[in-house]
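Quick notes on the structure that follows.
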Amino acid sequence: AVIQEELHRMRMATKAQDMMPKRLDLLDEFPRMPDFLVALRPHTVWEKTPVKLFCTVQGNPRPIVKWYKEGVPVDPLSAPGKYKIENKYGVHSLIINWLLMMFHFLFPSWAVPHLTEIHPSKLEVSLLDRFSVTFGVEGSSISLVCTMVVVPNLPNVPPLAQWYRDDKLLKPSKLVEMSVSGSAARLTLPYLAKDDEGLYTLRIFTKDGTAEHSAYLFVSDAAPSAAGAPGAPMSVKAYDINSDYVLVAWKPPNTVNEAPITGYFVDRCEVGSDSWIQCNDAPVKVCKYPVHGLSLGRSYHFRVRAVNSAGISRASRKSDKVTAIDAAESERLQVIKIEGKYDIVIKDDELEGYVTIPGEPTEVHASEIFKSYVVLSWKPPCPRGRAPLWYIIEKVSGTGAWQRINTAVKLHSPRYPVFDLQDGQKYQFRVYSVNMYGSSEASAPSEPIQKVDQDGVPSAPGHVVATRNTKSSVFVQWEPPKNPKNLMGYYIDGRVVGSKEWFACNHKPFKHTRFVVHGLIPGETYVFRVQAANVFGLSEESQESSPIAVEPALATPSAPYGIAMLSSDGSSITLAWKSPKHCGGSKVNAYYIDKRDADTLVWKEVNLTGVGDLKEGTFYEFMVQAANLAGVGLPSAPSAPMKCEAWTMEEPGPAYDLSFSEVRSHSLVILWKAPVYTGASAVTGYFVDMAKKGSSEFVTLNQEAVRHRYLQVADLEEGETYVFRVRAVNANGIGKPSQLSDPVCAKALPGTSEIVAGVDEETGDVFLSLEACEICETSKFVWSKNYKPIGDCPRVAVTAKGRTSRLTFTNPDKDDLGKYSVVVTDTDGVSSSYTLTEDALNTMLELSYAIRHPIVPLKHALNYEILEKGHVRFWLQAVKLSPSVSYRFIVNDKEVTSGEGHKISHDVATGIIQMTVDHFTRANEGTYTVQINDGKAKTQSSLVLVGDVFKAALKEAEFQRKEHIRKQGPHFSEYLYFTVTEDCTVMLTCKVANVKKETTLHWYKEEDEIVPETPPSVMSGACAIPIPLFSRKDQGIFKAVLGDDRGKDTSVLDISGQVFDDIINAIAKIAGASASDLVLQCTPEGIRLQCYMNYYTEEMKTVWKHKESKIASSEKMRIGGTAEMAWMQICDPSDKEKGHYSIEISDGVKTHVRTFDLSGQGKNKEQVIVEFTHFYLCSLYRGRVVGGLPDVVTIMEEKSLSLTCTVWGEPTPEVTWFKNEQEVASTEHTRVTFDGGKFASLVINKVTPEDSGKYSINVRNKYGGEFVEITVSVYRHGEQIPEPKLGHPKTATPAVTPVLFSCEYK
């Protein structure tokens, strides 16, 4: 109520001042005709000087003012940028730029009543969010957007917006897209090229004139096609267009760190085609090139590529469409009007009468002269000859003969480029006109023309000066070159001080001598240089500017804000306010406070934070100004009226100075200061409330009051904006809330980095460090522990260098544990924190100790190795050694130096220290130590070489000495070893070295020499001896002896035991892999399963199985084999022998298995049926001995012996007699007969003792046979008859009734 009373009194005190505007408002309600209060006055101005015309108009409703020039309405759209119409507070103005002539114009203005029609230029437009300086890359797309408020906002009448690039009006196209609505104007560049770089301006026509905004767009080079290749040229355009000729020009790219450009390639492409054709065979060195040979009436695009020593650049943006036409065609047309109604178009050619041969061309001259080419130009003939025309050109040098230079080309344009001119020669040219009727006379010769550069690159720009602009930009200006030479523009390069790499500040030649370089790192220091560009390329670089730090330009501070009352005792008030958001590039060094009674308008300076000498019960307003080196800034807005009365409440007053630290995408830390007024008791804690910006719904973040004056807030929404307030608590309750904090967006600053903990590699100091992403000249790094400023503390030392600050611990221990934070002042909130834990501290302390008490780190401790000749090398390897390293070897407590018998050395590059002992003996047993000193670092490594370890080393050293001696003569480089070939032949192989033609190699087995069929070739380096059909009989000791006059060497291989088993396994591996499937074979004795392979020997690990049970050799089942196969014989097969059979061949690693199903039901049933059918037939019809032969015959010499038997078989068998396994032939002494296919006999006439032996008969037909043996003994007269010894038949007689396997055959 008291406050309302005071406010009412203040309103009454100013009532008189409010009455006058109200009276005026009443008068404005009556209609009134337009009237000029201030009329236009005449002006006389200089050419090219802008002029402003003003007038003041009144009327109701508000009049509309129209401007006229000599009776014609002034339309700003007709000449963009020339006219600007404004209307502010009834003052109408017309601003005219670029006045071109010094004479008087009459510019009357007319005021008419307000019209109801709405035109875009009558809308009120206020620009809001404006596009800023933008950076793009070639090939990408980018949009420039400016939001606005339009009144009235009519969907069908959007504002009239125009876009400009470097003051040139842009029009919609494939490369430029524009849109405008009542909320935003947008310019989209879908395919960026360096041609698009420049200053973009949005101009919107409004009721009061125009609203404008401009910002620069930078377009950098895309990634080069090859490393080090230049950037693409730009601004490709075609000039001097003719029927078969155009002149293409472009601007050179900037070369910062790339090699200089050596030339350019020009390409052309017909419209509608994607095929580009290179126009010039060799690179052209200037930024112009005449393209000839075009087809009349066809349209083309052109592009350019730059070349340097590293490669070819990307192609430029293609030029606009160019159509090859005769440029003078329109000039030869005449229009005749008949009766003022009809137009008749007549060509000059039709007025030439009956002239058929053209006249000669005139004014032959060189329009372009460069070192690469010369362009000839001339005037077409008159008359032309009433037929299509072309030209022939001739040249002459000195007093020589004229030569035609375009014999293969029909030239239709009065332009022609000449390329093949000699340097230093002067030429004259003349031209003939030719058509179908003939040729003209030659034109007059041109003046002597010499191929030279008309000009060169410009001279270097002058003095370069860089000055502060904003926190991320610098203003650079320079003096123009003394010799501009048709200057195209300038390239500006920058470099960070301390770096060697330059970077391009602009990518398209800039025409003026001043430029704002954007996108710099705040607080970083740069230097700049400038180059001038023209058609010949880039000039030399200017001198570098003086180094400049990127800081805002010096200005006065912005206004403080947020004035709050912290306490009052009835005669004074304690105030707090928030610092200016912008310090103006200099530290704020003072604040000025003004006060006034709420019911007065007079301010009085106070300049004290605690404002005293106040009247109790009076309302006061306060205003604060900040000051720096640039002066006193703007005053703050007046505070709300504050009543001076003593605070007596028991609760605490408000906290104040809310600030934020470590703002990230999802978290931040809020800090505040304690209330000045504590209430009836001490403050015990604080509550923090949070709300989204624009919302009044606050959420308390902490359920229990926190005692410290900071709080970490988590779980924020990225990009969302929040406000906070703090309430202090004491024993009597919760006090007043603080003022709301500034809105804070949950988003980290670009380039934000965090505090890094580390240990200094030189000193071993433990430190925390932060590199700021932003800094200015007045910035300071403020370190805190648990968010309390550290200040001058003996436990830490704070240093700053450039953008980096370091907090170093003096003697770190557990007392230093905690949360450390740092804030960079005068920035947009650069801050970070780090929690130092005990584990992290202990890790850094260990590293610190290692740095302060360094050791030389070793990759390998001291070790030894035995070298050739029996030398022993003791060595170790350090991670790193410096050239100043020192070391010593100590053996058994005695230092060893390099000398006789010892060689000591080191290699800094590899870190190896070594000692070589030439002759290692028993005296070298003991302890070896290496001591190393490398700067401050030390280390040592020891090796104990005693006992069994030493004996092993000594044995190896002696062996190597012997080996060295052995290798002085012929020797085995590889001792005997075996291999097995694919046919299972065992090869004993060795390799020899240091041999000559006289060297011999001998093979031995058990000391018996083996002489191979082919003598060994020692010169080939390898010798071998084969052992075919390897078996147990080949066991023994094999030896190879190599020798000549220099000595001999022996290699021994004992083929027994494990070596023999390894050979058998190797044979089994090859044989098993080659093994065929099991084959069933029927024999007279039964059936046989056979497995064929490359080689078989009974020493191979072969197992036969029946139904997974191992088969042992017996009378029933016999196991055997030959060199070609392994077999298993089943005698007298029965049902028990049915089932699954397999053979397993093991090579020690793998088992090779082959199977056969003898059940008659499996996959082998057809073979089983066939073989058993054959077996049955054999049992019935095979050849056999029916009877008649005894087992033993004893006979006296001189007697005759007749062995006769009956045989049977179907068909009739063949009969063969044998003696001692040798076939018996029929002779006079021994007669063999076979009568009637039934009776076989062997008759020996007058036997002798030599006829004694084993006789046998073999009876056989296609189904089989039988083999019967008879023992014959012959004794002499008088000798006792020997005891008969019964023999045994070789084979068993098969069963009469064979087993029949049950199976079906379909």
Side-chain angles (χ1 to χ4, degrees), residues 496-501 521 523-525 547 549 751 753-773 775 779-785 790-822 824 830 832-861 876-888 906-913 930-941:
V496 177
V497 172
S499 171
K500 295 182 180 179
E501 292 293 324
I521 300 173
E524 192 62 83
T525 303
S753 58
E754 304 295 343
I755 292 177
V756 176
V759 180
D760 193 286
E761 295 181 355
E762 297 294 331
T763 63
D765 292 334
V766 177
F767 66 86
L768 302 177
S769 176
L770 175 71
E771 182 178 3
C773 62
I775 199 172
S779 295
K780 291 184 179 180
F781 291 87
V782 180
W783 287 86
S784 302
K785 179 180 180 183
I790 293 176
D792 295 332
C793 178
R795 299 191 64 85
V796 295
V798 177
T799 58
K801 184 178 181 181
R803 297 163 55 203
T804 303
S805 178
R806 175 181 288 192
L807 182 141
T808 304
F809 295 94
T810 306
N811 188 18
D813 56 26
K814 292 184 179 179
D815 294 338
D816 294 310
L817 301 180
K819 189 168 188 177
Y820 291 83
S821 61
V822 61
V824 185
V830 178
S832 181
S833 66
Y834 179 86
T835 302
L836 183 61
T837 63
E838 186 173 358
D839 290 342
L841 180 60
N842 291 337
T843 301
M844 289 189 288
L845 287 175
E846 291 177 3
L847 181 57
S848 174
Y849 181 85
I851 293 173
R852 291 175 177 176
H853 304 84
I855 61 172
V856 178
L858 299 179
K859 279 187 179 180
H860 300 284
L876 61 77
Q877 186 176 15
V879 174
K880 184 180 180 181
L881 291 177
S882 71
S884 59
V885 65
S886 62
Y887 55 89
R888 60 179 188 158
H906 74 281
D907 185 356
V908 173
T910 60
I912 292 177
I913 300 175
V930 180
Q931 296 178 346
I932 306 174
N933 289 279
D934 194 358
K936 297 180 181 179
K938 300 178 181 179
T939 193
Q940 75 173 28
S941 182

Is a donor on one side and an acceptor on the other found under 3.5 Å between the side chain of [X] and the backbone of [Y]?
X: D816; Y: D813; result: yes
X: S941; Y: A861; result: no
X: T525; Y: V497; result: no
X: E754; Y: S832; result: no
X: S848; Y: G764; result: yes
X: N933; Y: S886; result: no

How far apart are the C-alpha atoms of V496 and I521, what are their side-chain angles, what is the distance that settles it, and do they pass the side-chain contact (heavy atoms from CB on, under 4.5 Å) test?
CA-CA 10 Å; V496 177; I521 300 173; 5.7 Å; no
Where is the tightest heavy-atom contact between [X] and [Y], given as atom of each residue plus distance?
X: I851; Y: E762; answer: CG2-O, 4.0 Å
X: K785; Y: G818; answer: CE-CA, 4.4 Å
X: C773; Y: G751; answer: CB-O, 3.1 Å

Can you sort out the partners of E838 under salt bridge (Lys or Arg N to Asp or Glu O under 4.0 Å), two or more places apart, ordered by chain and number?
K814
Is it true that R852 and D760 make a salt bridge, defined as a side-chain N closer than 4.0 Å to a carboxylate O?
no
Checking R888 now: which residues fulfil side chain to side chain donor-acceptor pair (under 3.5 Å) with it, not counting sequence neighbours?
E895, Q931
Does D815 have any side chain to side chain donor-acceptor pair (under 3.5 Å) partners at least two apart in sequence or in another chain, and if so, which?
none
For a 4.5 angstrom cut-off between non-hydrogen side-chain atoms, does L768 reach F809?
yes
Any side-chain heavy-atom pair of V856 and L881 under 4.5 Å:
yes
Only one of T804, I755, T799 clears side-chain contact (heavy atoms from CB on, under 4.5 Å) with S769; which?
T804
Decide yes or no on side-chain contact (heavy atoms from CB on, under 4.5 Å) for I775 and V830, but give the supporting numbers first.
CA-CA 8 Å; I775 199 172; V830 178; over 6 Å; no
